[in-house]
S.K.: 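Structure incoming, see below.
These numbers come from a predicted model, not from an experiment.
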Amino acid sequence: MPKQSTRSRTVGEVPRTRRLTAEARRSSILKAARKAFSEAGDVNGTTIKVIAEQGGISEGVIYRHFDSKDQLFFEAVVEPLREAVDKLVAASEVVDRDEPLSPERQLATLNGLYRQLISTLGEVLPLLGLVLFGDPQVAKRFYKENFAVAMDRLANAWRDVEGRYGFDLESPDISARAVMGIALTLALESHYNSRFDRERAVTLATEGTIKGFFPPLTARQVP
């Protein structure tokens, strides 16, 4: 039978707790902050003290990693949203990198974009609600500096793609906002409506975006 070490046989000895790395500690603080901000509803509805209690740490530990509650809110809530939107835009910028677009691929590509948008927006809906419907100044800053910029990048990506095929989009900025708005609405439906048919909705949204949602009408002749 192997000998036990002197250390393991010491009576009453308290095992040493492994200390978190700085990165792990920041991550745990951000997680506690997201929970506290979500429960409060916006940046002004909670305090560093509450966040510290949520994370089981002292306020001093938080201030060693973050200068202020505003910085903590931005990194815990706004930054994940910005990263999610940036990934979507980056995917749109290279839609025809491997293979030229055909009408069929254009339809399939937009269908995939809608699916990705709905999925991503669905994951960040709680954070998005915190930012856009919480503190007005935070909402304005996020919209102008992140969300609107991302939609403009999406519009520019579409303009570049269409330009490679000899088309000149008249209003890619509005088109990008329309697609984002549709995707956000469908994400809300998916999240809150258990009877929502996402497959049908994505198919119809894709076809409507490319072909038009309403048929052109002609005036009926009055006899």
Side-chain angles (χ1 to χ4, degrees), residues 27 30-35 37-39 41-42 73-99 101-134 138-139 141-162 169 172-213:
S27 179
L30 291 172
K31 182 178 179 180
R34 273 191 288 272
K35 186 173 187 297
F37 288 129
S38 297
E39 292 175 352
D42 67 10
F73 182 82
F74 188 85
E75 293 197 30
V77 177
V78 177
E79 189 64 16
L81 287 176
R82 186 192 64 76
E83 290 176 357
V85 174
D86 276 354
K87 287 178 182 177
L88 291 170
V89 173
S92 297
E93 291 172 340
V94 293
V95 293
D96 62 339
R97 179 182 59 188
D98 300 323
E99 184 180 352
L101 287 178
S102 63
E104 294 76 20
R105 283 200 71 236
Q106 183 186 30
L107 201 66
T109 299
L110 185 59
N111 187 285
L113 174 63
Y114 266 124
R115 291 178 186 279
Q116 189 177 1
L117 273 171
I118 293 167
S119 177
T120 299
L121 290 171
E123 291 173 3
V124 299
L125 272 179
L127 300 183
L128 196 60
L130 276 177
V131 173
L132 294 180
F133 304 108
V138 173
R141 177 184 173 190
F142 172 74
Y143 187 82
K144 290 180 65 176
E145 297 181 5
N146 296 281
F147 209 67
V149 169
M151 288 188 290
D152 287 339
R153 283 181 54 203
L154 187 61
N156 289 332
W158 288 352
R159 182 188 287 112
D160 291 342
V161 171
E162 295 293 337
L169 286 180
D173 55 333
I174 301 303
S175 300
R177 282 156 176 77
V179 167
M180 189 68 76
I182 291 171
L184 178 56
T185 300
L186 298 186
L188 287 166
E189 285 280 358
S190 296
H191 192 78
Y192 294 112
N193 183 357
S194 60
R195 302 176 65 182
F196 179 64
D197 187 344
R198 182 192 286 198
E199 193 69 27
R200 173 178 175 271
V202 171
T203 298
L204 292 176
T206 301
E207 293 176 352
T209 302
I210 292 179
K211 300 176 182 178
F213 285 100

S.K.: Kindly indicate, with the supporting measurements, whether the criterion side-chain contact (heavy atoms from CB on, under 4.5 Å) is fulfilled by F147 and V131.
M.R.: CA-CA 11 Å; F147 209 67; V131 173; over 6 Å; no

S.K.: Between V149 and K144, what is the shortest heavy-atom contact and its length?
M.R.: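 Minimum heavy-atom separation between V149 and K144: CG2-O, 3.4 Å.
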
S.K.: Is E207 salt-bridged to K211, cutoff N-O under 4.0 Å?
M.R.: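 No.
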
S.K.: Counting only heavy atoms not in F196, do more than 12 sit closer than 6.0 Å to its CZ atom?
M.R.: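 For F196, atom CZ is crowded (more than 12 foreign heavy atoms under 6.0 Å).
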
S.K.: Taking all atoms of both residues into account, what is the closest heavy-atom pair of N111 and T206, and its distance?
M.R.: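 Closest heavy-atom pair between N111 and T206: CA-OG1, 3.3 Å.
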
S.K.: Are L128 and F142 close enough, and set up right, to give a side-chain contact (heavy atoms from CB on, under 4.5 Å), and what steps lead you there?
M.R.: CA-CA 10 Å; L128 196 60; F142 172 74; 4.1 Å; yes

S.K.: Taking all non-hydrogen atoms of both residues, which atom of A33 and which atom of A76 are closest, and how far apart?
M.R.: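 Looking at all heavy atoms of both residues, the closest pair is CB-CB, 4.0 Å.
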
S.K.: Could you check E75 against R34 for salt bridge (charged side-chain N to carboxylate O under 4.0 Å, His left out), going step by step and ending with a plain yes or no?
M.R.: CA-CA 10 Å; E75 293 197 30; R34 273 191 288 272; over 6 Å; no

S.K.: Nearest 0.5 Å, what's the CG-CG distance between L154 and D173?
M.R.: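 So the gap between those two atoms works out to 11.0 Å.
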
S.K.: Do you know which of V179, L186, T185 makes side chain to side chain contact (heavy atoms under 4.5 Å, CB included) with I182?
M.R.: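 Per the side chain to side chain contact (heavy atoms under 4.5 Å, CB included) rule, the option paired with I182 is L186, out of V179, L186, T185.
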
S.K.: For L125 and L184, work out which heavy atoms get closest and say how close.
M.R.: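 Between these two residues, the closest heavy atoms are CD2-CD1, 3.9 Å.
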
S.K.: Going by an N to O cut-off under 4.0 Å, is there a salt bridge joining E189 and R195?
M.R.: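 No salt bridge links E189 with R195.
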
S.K.: What closest approach, in Å, do P172 and A155 show between heavy atoms, and which atom pair accounts for it?
M.R.: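 Heavy atoms of P172 and A155 come nearest at O-CB, 3.3 Å.
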
S.K.: Could you check whether the rings of F37 and F73 sit parallel, tilted or perpendicular, using 30° and 60° as the cut-offs?
M.R.: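 Perpendicular: the ring planes of F37 and F73 meet at over 60°.
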
S.K.: Any carboxylate oxygen within less than 4.0 angstrom of a Lys/Arg side-chain nitrogen, looking at D152 and R159?
M.R.: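 No, no charged N to carboxylate O under 4.0 Å.
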
S.K.: Flag the pair M180 / L121 as yes when at least one side-chain heavy-atom distance between them is below 4.5 Å, and no otherwise.
M.R.: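 In contact.
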
S.K.: Between L110 and L113, is the side-chain contact (heavy atoms from CB on, under 4.5 Å) condition met? List the steps.
M.R.: CA-CA 5 Å; L110 185 59; L113 174 63; 4.1 Å; yes

S.K.: Using a distance-only test with no angle check, is there a side-chain donor-acceptor pair under 3.5 angstrom linking R153 and N156?
M.R.: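 Result is no, nothing qualifies.
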
S.K.: Can you find a pair of side-chain heavy atoms, one from Q116 and one from S119, that are under 4.5 Å apart?
M.R.: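 Sidechains of S119 and Q116: no contact.
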
S.K.: If you take all heavy atoms of I118 and A183, which pair is closest and at what distance?
M.R.: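 So the minimum-distance heavy-atom pair works out to CG1-O, 3.7 Å.
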
